[in-house]
Amino acid sequence: MSSGLGALRPSPLVEQAAERLRGQITGGHWPVGTKLPGETTLAKELGVGRSTVREAVRLLAGAGLLRPRQGAGVFVVATEPAVPVEDWAARLRRAAVTDVYEVRAMVEVQAARLAAARRTEADLAAMDAALAARTEAAGGDDAAFVDADISLHAAVVAAAHNPVLTDLFKEFVPALREGLIGLVQLLDLREREPGHSADLHAELVEAVRRGDADGASGALRADMEATLALLHGE
């Protein structure tokens, strides 16, 4: 039987999913002792991915409302949170985004070095177009800006001409996109600077153009290290 959860807005997904699930619990739809529907069912009803449902369940488990049982499923154990849900939401978002960003830095800094050595005229044209699109997207919403930002980084990775690296980046993009949207909102990055780190991205493209591996990797590293410092509260 459908729980009537309804689809969610695009972001912030984990908090919205957790809030909707918490409402079902506190509203009595899922009493204490009830086993939650499976991840696939919840994901379909909420209109999100299974990973988002998983993070929302983790959040509510940390708040004391849910308890996963190995091999049995996830069960409701309380109707009132033991700790504020909002505190857990912020902590989980920060941890998840930090993990994504650390992996991103490891992959992309090396890709930038390779791109500076291997780029072609077609690669440079693709990067110029992506940079222009990123600049234009600064006037749009967060999701559009993140998509444009990822397209620029994808163009740099493609210019490295390493098919394994390119495939790895493609596999990473869904988690990266969700993490970046969460990052922009968590730190209010675009409130202060709509085209966040526009100068460093322009510097990255120019360094690749002139074949400067140190300059390309340095521009990318500077951008990512500054953001990681914000995530770590430094």
Side-chain angles (χ1 to χ4, degrees), residues 5-21 37-60 74 88-112 114-115 126-127 129-131 133-134 136-138 140-187 189-190 196-197 201 204 220 223-224 227-228 230-231:
L5 293 173
L8 299 174
R9 301 184 304 277
S11 62
L13 296 177
V14 173
E15 289 89 333
Q16 289 183 61
E19 182 61 26
R20 196 68 60 80
L21 295 176
E39 280 183 5
T40 300
T41 299
L42 290 176
K44 182 177 180 180
E45 292 187 354
L46 292 169
V48 298
R50 291 176 59 187
S51 62
T52 298
V53 171
R54 196 173 304 124
E55 288 299 316
V57 168
R58 280 181 54 198
L59 189 157
L60 295 178
V74 178
W88 274 92
R91 288 175 61 185
L92 285 175
R93 286 181 73 192
R94 188 176 295 272
V97 174
T98 301
D99 289 345
V100 168
Y101 230 75
E102 286 176 349
V103 174
R104 181 189 187 193
M106 288 186 283
V107 171
E108 291 194 47
V109 169
Q110 181 59 27
L114 294 174
M127 281 186 278
L131 181 61
R134 186 184 189 277
E136 183 176 353
D141 61 22
D142 290 340
F145 179 74
V146 165
D147 286 339
D149 180 74
I150 290 174
S151 293
L152 173 56
H153 287 268
V156 174
V157 171
H161 292 281
N162 181 315
V164 175
L165 192 59
T166 300
D167 288 346
L168 177 62
F169 185 81
K170 287 179 180 177
E171 290 294 323
F172 190 51
V173 163
L176 175 61
R177 183 180 189 274
E178 186 169 343
L180 284 175
I181 292 173
L183 171 67
V184 167
Q185 295 169 346
L186 181 65
L187 300 180
L189 294 181
R190 299 186 64 228
H196 177 64
S197 298
H201 285 78
L204 166 64
L220 199 51
D223 177 36
M224 293 190 177
T227 303
L228 280 169
L230 290 173
L231 284 167

At their closest point, which heavy atom of [X] faces which heavy atom of [Y], and how far apart are they?
X: A148; Y: A137; result: CB-CB, 3.7 Å
X: D223; Y: S197; result: OD1-OG, 2.8 Å
X: A17; Y: A56; result: CB-CB, 3.8 Å
X: V156; Y: A112; result: CG1-CA, 4.0 Å
X: E108; Y: L220; result: O-CD2, 3.1 Å
X: V157; Y: L165; result: CG1-O, 4.0 Å

In Å, rounded to the nearest 0.5 Å, how long is the span from [atom1] of [X] to [atom2] of [Y]?
X: F145; Y: L180; atom1: CZ; atom2: CG; value: 9.5 Å
X: L59; Y: E19; atom1: CG; atom2: CD; value: 10.0 Å
X: E45; Y: L21; atom1: CD; atom2: CG; value: 10.0 Å
X: N162; Y: Q110; atom1: CG; atom2: CD; value: 9.5 Å

H201/H196 aromatic ring centres below 6.0 Å
no
Are any non-hydrogen side-chain atoms of L46 and T52 less than 4.5 angstrom apart?
no
Does the side chain of V103 come within less than 4.5 Å of F172's, by heavy atoms?
yes
Could you pull out all residues at least two apart from D142 that satisfy salt bridge (charged side-chain N to carboxylate O under 4.0 Å, His left out)?
R190
According to the salt bridge (charged side-chain N to carboxylate O under 4.0 Å, His left out) rule, which pairs have a member within residues 147-167, sequence neighbours left out?
R104-D149, R134-D149, D147-R177
